[in-house]
Q: 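Sharing a structure here in C-alpha cells format.
Note on naming: letters A, B, ... go to the chains in the order of the sequence lines (proteins, then strands), and numbering restarts at 1 for each one. Just so it is clear, the structure is predicted and the values come from calculations on it, not from any experiment.
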Amino acid sequence: MQDSADKLQGGSMQLLYSVAEQLKTPLSIISRQAELDKLASGVADPDIIHTQANTALTLVESYLLGLQLAQQQTALALEPVSVSSLLVEVAHELDGFAKQYGVGLELQIAGKYEPVMTSRPGLRAALLSVGYAMLEGDLSQDRKLSLAVHKTPHGIVTGVYGYYDQLHSRQWRQALALQGQARQPFKGLCSGSAAGLYVAEAILQAMATRLRVGRHLKQQGLATTLLPSQQLQFV
Amino acid sequence: MAHVLLLEPNRVLAQTYDRALQSVGHMVSVAFSAEEAIQAADRLQPDVVLLELHLPVHDGIEFLHEFRSYPEWQAIPAIMITNAAPQAVQPYAGVLKQDLGVKKCFYKPRFQLKQLLKVVAEQVAT
C-alpha cells in the first residue's frame with residue numbers, strides 16, 4: 001500500500017514538474033510582450049497576451065482538476081454529453097491560439113452520435129489540454145489539426161488528429177514513462193514537454209478512460225473512447 | 001543596422017523577439033528549426049545569430065556545430081536564449097563559449113528584451 005502511495009506521489013511530482021516547465025512558455029511570452037510595449041509603444045499585441053494568459057490558466061485549472069479527481073476531492077459528476085457540441089466549444093476556445101501558431105484547426109463532426117455519459121468539464125479540460133499541446137508543439141506535416149469524433153464498436157471516439165509519420169502506441173507508452181524527465185517525450189507528435197498530454201491523461205484516467213494513439217480517416221493523433229449513454233438516444 | 005538570424009521554435013516568442021529587434025532597426029530572418037536556419041543563413045549571411053538550445057529534432061549545440069562547419073560563418077557571434085535552466089547549460093559552457101562562439105546565454109524566464117538588444121548591439125559593433 002505504501003508502494004502504491006509512493007508511486008502515486010512520484011507520478012504527481014512528475015506531472016507537476018512537467019506542468020511547471022510548460023508554464024515557462026506562456027509566462028515568458030506575456031512578460032516579453034509587456035516589455036515590448038514599454039520599449040516600443042503599440043508594437044505589442046494584446047491578443048497574444050490575452051490568449052497566452054488563458055492558455056496558462058487552462059493548463060493550471062486542468063492540472064488541478066486532474067489532481068482533485070484523482071484524489072477524489074471532487075466528485076465525478078456524470079451527465080449525458082454531446083461530443084460534437086463539446087468539440088465545437090473546444091474548437092472555439094483553441095481557435096485564437098491556433099491562429100497565433102499558424103496551425104489550421106478543423107472540425108470533423110459529421111454524423112449523429114449518441115450522447116456519452118461522462119464528466120463534461122473533465123472531457124472539455126482533457127481535449128483542451130491535448131489541443132494546446134499539439135498546437136504549440138505542432139509537428140504535423142501540413143500544419144493542420146482536426147478535432148474529430150467517430151463511432152466504433154467500442155464506443156464514441158474523440159480526439160485531436162493530424163498528418164504525421166507513422167505514430168505507434170509504443171511511442172505514447174514511452175512518452176508516459178518519460179513524463180517530467182525528457183525534454184521532448186513524444187517527438188513523433190509534438191515538440192516540447194507535452195505537459196498538456198499528461199494532464200489530459202490524468203483527467204481521463206480519473207474518468208475511467210485513457211488517451212490512446214488513434215486514427216481518424218487518414219490522420220493520426222491522440223483520442224479517447226467513451227461509452228454512449230443508454231438513457232438518452234438522439235433519434 | 002544588422003541582419004539577425006533568429007532561431008526560435010516557438011512562433012509567438014519568435015514574433016515577439018522579431019518585433020523588438022526590428023523596433024531598433026535590425027533586419028531579422030526567423031527560422032523555426034535548425035534546417036530552416038541553415039537555409040536562411042545561406043540566402044543572406046547574418047551578422048549575429050540568436051538561438052534556443054531546445055529545438056525540435058536537433059538541439060542548438062548540434063545546429064551550432066553544423067553552422068560553424070562553414071568557414072564563412074565561423075566568426076559570426078551567437079547569443080543563446082533558452083528555456084534550459086542555467087545548471088543544465090553549465091556543463092556545456094566551455095564548449096559553447098570556446099568552440100561554438102556563444103558570447104552570451106540568457107535564461108528565458110529571467111532575461112529582459114532590453115538586455116538582449118544591448119548584447120546584440122555590442123556584438124554587431126565589434
Side-chain angles (χ1 to χ4, degrees), chain A residues 17 20-53 55-56 96-103 132 135-140 143 164-165 181-195, chain B residues 1 6-26 28 30-36 50 52-63 80-89 92 106-121:
Chain A
Y17 181 85
E21 273 294 320
Q22 183 63 41
L23 282 172
K24 282 185 196 176
T25 297
L27 292 175
S28 291
I29 291 171
I30 291 164
S31 180
R32 299 295 90 77
Q33 281 282 325
E35 195 191 345
L36 187 62
D37 198 58
K38 286 198 281 188
L39 284 172
S41 183
V43 171
D45 189 336
D47 283 338
I48 288 178
I49 295 173
H50 186 224
T51 302
Q52 294 295 324
T55 306
F97 190 82
K99 285 190 168 80
Q100 285 181 9
Y101 281 92
V103 181
Y132 279 127
L135 283 168
E136 188 194 310
D138 176 60
L139 292 175
S140 65
R143 296 191 60 71
Y164 301 97
D165 288 335
Q181 297 171 59
R183 180 169 73 79
Q184 294 192 102
F186 201 166
K187 269 201 282 198
L189 185 79
C190 62
S191 63
S193 72
Chain B
M1 277 177 55
L6 172 60
L7 173 48
E8 168 53 63
N10 185 293
R11 286 166 189 258
V12 178
L13 263 178
Q15 184 195 64
T16 308
Y17 300 153
D18 182 9
R19 289 195 179 173
L21 290 160
Q22 286 195 40
S23 75
V24 295
H26 296 307
V28 185
V30 180
F32 305 114
S33 69
E35 189 184 344
E36 283 182 20
L50 303 183
E52 162 64 76
L53 184 62
H54 289 170
L55 301 173
V57 187
H58 305 290
D59 67 25
I61 291 178
E62 288 174 311
F63 162 76
M80 199 157 264
I81 318 170
T82 181
N83 258 333
Q87 56 269 30
V89 178
Y92 307 99
F106 289 109
Y107 179 42
K108 269 177 184 165
R110 290 200 213 131
F111 91 108
Q112 294 183 2
L113 287 173
K114 62 182 180 188
Q115 293 171 299
L116 174 67
L117 297 178
K118 180 168 177 276
V119 170
V120 168

Q: Which atoms of R183(A) come close to chain B, meaning under 4.5 Å heavy atom to heavy atom: side chain ones, backbone ones, both, or neither?
A: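 Only the side chain of R183(A) comes within 4.5 Å of chain B.
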Q: E136(A) versus chain B, heavy atoms under 4.5 Å apart: side chain, backbone, both or neither?
A: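 For E136(A), the side chain is the part near chain B, not the backbone.
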Q: Any idea which heavy atoms bring R32(A) and F111(B) closest together, and the distance?
A: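 Heavy atoms only, the tightest pair is NH2-O, 2.7 Å.
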Q: Need one label for I29(A): side chain, backbone, both or neither, based on atoms under 4.5 Å from any heavy atom in chain B.
A: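 Interface part for I29(A): both.
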Q: By a 4.5 Å heavy-atom criterion (distance strictly below it), what part of Q33(A) contacts chain B: side chain, backbone, both, or neither?
A: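 Answer is both: backbone and side chain atoms of Q33(A) are under 4.5 Å from chain B.
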Q: Mind checking the NE2-CD spacing from H54(B) to E21(A)? Nearest 0.5 Å is all I need.
A: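 Here the interatomic distance stands at 8.0 Å.
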Q: Can you tell me which portion of F32(B) sits under 4.5 Å from chain A's heavy atoms? Options are side chain, backbone, both or neither.
A: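 Neither part, no heavy atoms under 4.5 Å.
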Q: Going through the checks in order, is the side chain to side chain contact (heavy atoms under 4.5 Å, CB included) test met by R19(B) and D45(A)?
A: CA-CA 10 Å; R19(B) 289 195 179 173; D45(A) 189 336; 4.0 Å; yes
Q: Locate the shortest heavy-atom distance separating P56(B) from L139(A); write the atom from each residue and the value.
A: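 Scanning both residues completely, I find the closest heavy atoms to be CB-CD2, 4.2 Å.
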Q: Keeping the roles fixed (side chain from K24(A), backbone from N83(B)), state whether a donor-acceptor pair exists under 3.5 Å.
A: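 Answer holds: yes.
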Q: Give, as side chain, backbone, both or neither, the part of S23(B) having an atom under 4.5 angstrom from any heavy atom of chain A.
A: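 Just the side chain, heavy atoms under 4.5 Å.
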Q: Whether the side chain of E35(A) engages the backbone of K114(B) through a donor-acceptor N/O pair (distance < 3.5 Å, no angle test) should be reported.
A: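 Present.
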Q: Report, as yes or no, whether the 6.0 Å neighbourhood of atom OH on Y17(A) holds more than 12 heavy atoms from other residues, nucleotides or ligands.
A: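 Incorrect, the count does not exceed 12.
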Q: Heavy-atom cut-off 4.5 Å, strictly under: side chain, backbone, both or neither for Q22(B) against chain A?
A: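 Contact with chain A is absent: no heavy atom of Q22(B) under 4.5 Å.
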Q: Measure the spacing between CD of Q184(A) and CG of D59(B) and express it to the nearest 0.5 Å.
A: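 Going from CD on Q184(A) over to CG on D59(B), the span is 9.5 Å.
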Q: Take a 6.0 Å sphere around OH of Y92(B) and say whether it holds more than 12 heavy atoms from other residues, nucleotides or ligands.
A: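 No.
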Q: Side chain to side chain contact (heavy atoms under 4.5 Å, CB included), that's the test. Do L117(B) and L39(A) meet it? Break it down for me.
A: CA-CA 10 Å; L117(B) 297 178; L39(A) 284 172; 4.0 Å; yes
Q: Is atom CD of Q112(B) surrounded by more than 12 heavy atoms (other residues, nucleotides or ligands) closer than 6.0 Å?
A: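 Enclosed.
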Q: Rounded to the nearest 0.5 Å, what separation is found between the CG atom of D37(A) and the CG atom of L113(B)?
A: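 CG of L113(B) is found 11.5 Å from CG of D37(A).
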